[in-house]
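Some notes on the structure that comes next.
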Amino acid sequence: MAEPTDTPLRSQEEIAARVKALEALLIEKGVMTTEAVDRMAEVYENEVGPQLGAQVVARAWTDPEFRARLLENATAACAEMGIGGLQGEDMIVVENTDTVHNAIVCTLCSCYPWPVLGLPPNWYKAPAYRARIVREPRKVLAEDFGFPIPDDVEIRIWDSSAELRYWVLPQRPAGTEDLGAFELAALVTRDSMIGVGPVKAAGA
Amino acid sequence: MRPDATELGDARRRVEQLVRGMPGGDADSRSFEEPWELRAFAMAVAAYHEGHYEWSEFQLSLIESIRRWEEGEGGEPWSYYAHWLEALETVLAASGALSDSLALDERTRQVLTTPRNADHHHAHREPVAVSPATR
């Protein structure tokens, strides 16, 4: 029987690589399928990360100078809050306004700003979303996500890559003037930072 | 496109049954902080569902890994899912599903030296699609 690894003090990057390697080997050997692992991970995928993105959004809503820094250089602004990537990939935050709505995709694979949003949901990785959100964004948002964007608002879709990952700064919901950053963060959904869903309404 | 919420809730309750009473497994230390942790967690449950080991074997292996850490063999910082991964490797080795730990070391080196998404490495600085306002 093989001994468990005795490598001391592995970095997050090394251990992440080991997990990836283990999964690849086990799938090749037919020990399990990717689908089975995906299915299990899906149960918990909401728990890795999106709360970090939500904290960043809440701070941007309450601190105009931070918001400016976030839009100027999201990687640096997130690093101020101790949030960053494995390999230092850059992030750009695109801001929703009354006239522009943004959503993100990775057209080739599943690049995703996971340090702030956690793991990508399975549909984000699926060919259907990757192709259609580019071809007919208005329709996909309205029909697949039940999130219609008004006709007088332009929709922009941003393609993430290994080098540069986008995510969305949603608009602060009405009626939240009295809320602090902690309560505001609870309104920020993962989908609102992907651009495929709303933030929660105040008091909801 | 999206999974049914009830289905996910049911699956979650079944997993919670499984992990209840795991060593070191209070809700705080079990929460996920890195994507690999969730992946390792999901693999252990999936391999168990495939019948590669009894859950009690995995549990014992996890206890053993944590015990070794407590005895200070490695002097490593605490990481619940590092123990989880070690326990998973151990039970998979015992069941014969992962007979060759050198192959895993080698594969890990490959992953580390391969640039991620080598086919997708340049930055796209303009929107990939725009749907203009129509009124």
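Throughout, a chain's letter reflects where its sequence line sits, starting with A, and its residues are numbered from 1.
- A donor-acceptor pair under 3.5 Å links the side-chain atoms of A:Thr62 to the main chain of A:Ala58, judged by distance alone.
- Neither the backbone nor the side chain of A:Val100 comes within contact range of chain B; no heavy atom of the residue lies under 4.5 Å from a heavy atom of that chain.
- The minimum heavy-atom distance linking A:Ala54 with A:Ala185 is given by the pair CB-O, 3.4 Å.
- Contacts from residues 26-34 of chain A to chain B, taken as heavy-atom pairs separated by less than 4.5 Å, involve A:Leu26, A:Glu28, A:Lys29, A:Val31, A:Met32, A:Thr34 in sequence order.
- In this structure, chain A has no heavy atom under 4.5 Å from any part of B:Arg109.
- With a 4.5 angstrom heavy-atom cutoff, A:Ile104 does not touch chain B via any of its atoms.
- With salt bridges taken as basic N to acidic carboxylate O contacts below 4.0 Å, none links A:Glu14 and A:Arg18.
- Heavy-atom distances place both the backbone and the side chain of A:Val37 under 4.5 Å from chain B.
- Closest approach of A:His101 to A:Gly195, counting heavy atoms only: NE2-O, 2.8 Å.
- Annotation: side chain of B:Arg125 is in contact with side chain of A:Ile92 (closest heavy-atom distance under 4.5 Å).
- Interface summary for chain A: among B:Glu126, B:His49, B:His52, the most heavy-atom pairs under 4.5 angstrom belong to B:His52.
- The aromatic rings of A:Trp158 and A:Tyr166 sit tilted relative to each other, their planes meeting at an angle between 30° and 60°.
- Interface remark: B:Gln110 contributes no atoms to any contact with chain A (heavy atom separation under 4.5 Å).
- Qualifying ring-ring contact (aromatic ring centres under 6.0 Å, His included) partners for A:Tyr124, counting only residues two or more places apart in sequence or in other chains: A:Tyr112, A:Tyr129.
- Ranked by heavy-atom pairs under 4.5 Å with chain A, the list B:Val128, B:Leu88, B:Leu92 is led by B:Val128.
- Taking all atoms of both residues into account, the shortest heavy-atom contact from A:Cys78 to A:Met91 is SG-CE, 3.8 Å.
- Heavy-atom neighbours of B:Glu106 CD from other residues, nucleotides or ligands within 6.0 Å: above the threshold of 12.
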